[in-house]
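Every chain is numbered from 1, with letters handed out A, B, ... down the list of sequences. Here the structure is a predicted model, which is why all the values come from computation and not from measurement.
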Amino acid sequence: MNKTFQPWEFEKRIYQKWIDEGCFTPKIDKTKKPFTIVIPPPNITGELHMGHALNNTLQDIIIRYKRMDGDCTLWLPGTDHASIATELKVVEMIKQKFNKTKAEIGREEFLRQAYLWKEKYGGRIVEQLKRLGSSCDWTREAFTMDERCSKAVREVFVKLYEKGLIYRDSWIINWCPSCRTALSDAEVEYEEQDSHLWHIKYPYADGKGYVIIATTRPETMLGDTAVAVNPKDKRYLDIIGKELILPLTGRKIPVIADDYVEMDFGTGALKITPAHDPNDFEIGLRHNLEVIKVIEDNGVMSENTEKYKGLDRYTARERIVEELKKEGLIEKIQDYKHNVGKCYRCDCDIEPMVSKQWFVKMQPLASPAIKAVREGETRFVPQRFEKIYFNWMENIRDWCISRQLWWGHRIPCWYCQDCGEQIVSRIDPKACKCGSKNLKQDEDVLDTWFSSALWPFSTLGYPDKTEDLEYFYPTSLLVTAYDIIFFWVARMIFSGLEHMGEVPFPEVLIHGIVRDPEGRKMSKSLGNGVDPILLIDKYGADSLRFSLSTGVAPGGDTRFSEDKMESSRNFINKIWNASRYVFMNTEGKDLKQMGAFEYTPADKWILRKLNGVIGEVRRNIEHYEIGLALAKLYDFVWSDFCDWYIELTKPILYSGDENKKTETLTVLVYVLKEILKLCHPFIPFVTEEIYSYFEKDILMVQKYPEQKKEYDFEEDFDIIKEIIVKVRNIRAEMNVSQTKRIPLYIVSKEKRDLIEECRLYIEKLAGVSQITFISDKGELTQKVSNAVTNHAELYIPLGELIDFDKEIVRLSKELEKAENEIQRGEKMLSNQGFLSKAPEKLVAEERLKLQKNIELKERIKSQIDYLK
RNA sequence: GGGAGCAUAGCUCAGCUGGGAGAGCGCUUGCCUUACAAGCAAGAUGUCAUAGGUUCGAGCCCUAUUGUUCCCACCA
């Protein structure tokens, strides 16, 4: 074994071994409990980022744990076609390669190029997931546009259409003028921007005066078809029903009354543009207003705007304001901050627009989905995210699912060019009812999230009743970041309920996002992102996994810094070297059976500790408290196993007693192997590699450690530890050289046997040359330094090294501590309320502590007197 | 406008059902001790944001306040 841990030497080899042995592929066994996780499919356009790394590390920890614990586990991987993101990439690629636009190259060729692109680059993220150690069943890898998933998409679309839950209509939608497609509400992000509130005069048609309206979007005025006021607004009561002249157009528009208008905002008069504002659109419907579209799909002014036609919407805004100023129709311009909708893919300003699109009717789907979570069929961890879910589901609007793109699932609807019939069908129709064969398929594709919503069952074979679907659905757990609860989690829940009649998973583990060392979100524009692959190259995948999962609590964000990578690597190196110590001492030796010999006090101590940590780690993982589990392992491995147990084995290994040596090595190897198993889900590569030095078998398929009753020893080895620490303490304070061995005198009545048995440990670990038991300090004739523990008084003759003043100061501090403790205990025990209401066990414990502290105090006091 | 989270050592954060404040990094001192200097040993460090309340007992529960981060809504 190398002196230091060198992950690049074995990570790829070990991953290949797991693959070759088929360790990731479950064998369906109906007598076993299935445990299934479907991966949140990364976009084929994506490069692995820290968010993916965190998400997949958590999934892998849980799935590896469940696999070792005996469940029939499936972690089903795959990728998402990411319709907008991929389309943008391919458009760019085509422009560079052929200097052609989408329209010029045509749909068929575009799709051919897109598939070529996908073949070339789409698999990259999958390779990156493998570097991380993800134990996905790659034989079941899915893609949202593969045959299986596409079949599910079409089935679901047709089913919902036939049920009347999918419809096509002209409605106000979010339009991205840059991506040139409609978007769902969830795909719009709002950002506060500095702007103005323009107050514009709209003259009465009868020529007497004007109404002033306030707007943030003057360019849309060309599409105004009314001005609305609140019916209760006394200022405007008499003008309701009057006509106004829309400036710059001369068109006549009415003044209408609608409750929606706030009286105390702006002027209390609101211009109504049904074609370009969602609220105005609703008002327009109520009042039957004309819809005049003034902005085109590409963000320029439409032909309805006459002389502004072809201008960009923001240029048009400036022109219009200028002209209004010229005509004296601008009352005032206020500075104003407001929220502007942005496209989540390209960051372009969203234009609300009336457009003919496909929608999913949400009400009937949302209600059961709300009920399911409310009744606990699906549980969010942590629970607070349920509120977010409810809030969204309860206020949901119909879901716009059509996208004016080519990369995606084409909408399975055909229009008869002769009779106008609309045919929605599972299979491509040959002819219309009217006999015409002149059919044209809808040009649009579906929202990417429409197919991801089906992921937990489409990947398992739906709509076919496959063995996988039968056995693995519903899945067991979903692990995802909180930022896609709406996009994905919520939609999977209602889709699962609707199409499978059952929630897709009983639990959702929500985690946070990875931030930079300053707590900022990692982003391309800030350039503060870190490439997980580079980190893996430098420190190894295990270090990255450890860094990401240490300190994570469900739902919490985590800050990442390279310092964490170093301390993670150091910990792994610690395990590596502890193993090296064990390996070097056991190589080629025959060991005994556990239980076939007498354990030393140190053995009993470590076995008991091991039992404790097994219980805690198991419980933490079951509750998805990954960070806590890891902290406990860290502490056990480093402090208990390495710092103490290994050191305690040295006196025995370096003694000449071959029999004892073999016994100690037996325990040492046993505990180490248990540690490797315990740590394996978190740091799979290094544990597997180390295990191979000891066993031929594969570690990842071993049984996860369980607590063993026979290791729950009654032991008081902590007394020995305390003696060792105290002696070391004196040595450090008295500046005794580390190599100098010193004699130790001990007064101990009740623990003398134990101390006697552990003599060797104390001598070796505390640098003691000889332990002598005495019955009273009066027996000592030399000048001694001393320390007191609860079970022993320690005396160390140090000759001239002793500084009595220093000693007295040190002991006085300890005396003070003991006195404080006594005070605290007396206060508690003199409290009637405590005595009568606190648990008996606790009261008894406090009594015992008090007793001990009083004894301790007396001993220290007598030491101080002795020194004076 | 509605909602949620967070506030604990110099920094990053744990602290599970209320019962003597913890870790890592950093810092001080001494050590290359035959697994490991990516290390060992011994240390120092806290008004648990503020003010009330519940309780025998509060970092933890309740109320208010302050600061901070985020999500949703979109009054033009």
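Legend: residues meeting side chain to side chain donor-acceptor pair (under 3.5 Å) with A:D224, ordered by chain and number and at least two apart, are A:Y202, A:K271, A:T273. Partners of A:Y691 by ring pair (Phe, Tyr, Trp, His ring centres under 6.0 Å), not counting sequence neighbours: none found. Remark: A:W8 engages no residue in a ring pair (Phe, Tyr, Trp, His ring centres under 6.0 Å) (not counting sequence neighbours). Remark: A:S737 engages A:T739 in a side chain to side chain donor-acceptor pair (under 3.5 Å) (not counting sequence neighbours). Under the salt bridge (charged side-chain N to carboxylate O under 4.0 Å, His left out) criterion, A:D718 pairs with no residue at all, not counting sequence neighbours. Among residues two or more places apart in sequence or in another chain, the ring pair (Phe, Tyr, Trp, His ring centres under 6.0 Å) test is passed with A:F281 by A:W171. A:W198 pairs by the ring pair (Phe, Tyr, Trp, His ring centres under 6.0 Å) definition with A:H196, not counting sequence neighbours.
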Practice problem: Between protein and nucleotides 29-35 of chain B, map the contacts as a letter string: B base, S sugar-phosphate only, - none, heavy atoms under 4.0 Å, written 5' to 3'. | Solution: -BS---B
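A donor N or O paired with an acceptor N or O is found under 3.5 Å between the base of B:rA38 and the side-chain atoms of A:R569.
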Between the protein and nucleotides 44-46 of chain B, which nitrogen or oxygen pairs come in under 3.5 angstrom?
none

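For RNA chain B, if you chain together Watson-Crick or G-U pairs that step i with j, i+1 with j-1 and so on, the runs of at least three with distances under 3.5 Å are B:1-7 with B:66-72, B:10-13 with B:22-25, B:27-31 with B:39-43, B:49-53 with B:61-65.
For residues 616-626 of chain A, the salt bridge (Lys or Arg N to Asp or Glu O under 4.0 Å) pairs, not counting sequence neighbours, are A:K66-A:E622, A:D69-A:R618, A:E616-A:K632. Pairs engaging residues 558-578 of chain A under the salt bridge (Lys or Arg N to Asp or Glu O under 4.0 Å) rule: A:K538-A:E562 [sequence neighbours left out].
B:rU8 sits 10 Å from B:rC13 when the P atoms are compared, rounded to a whole Å.
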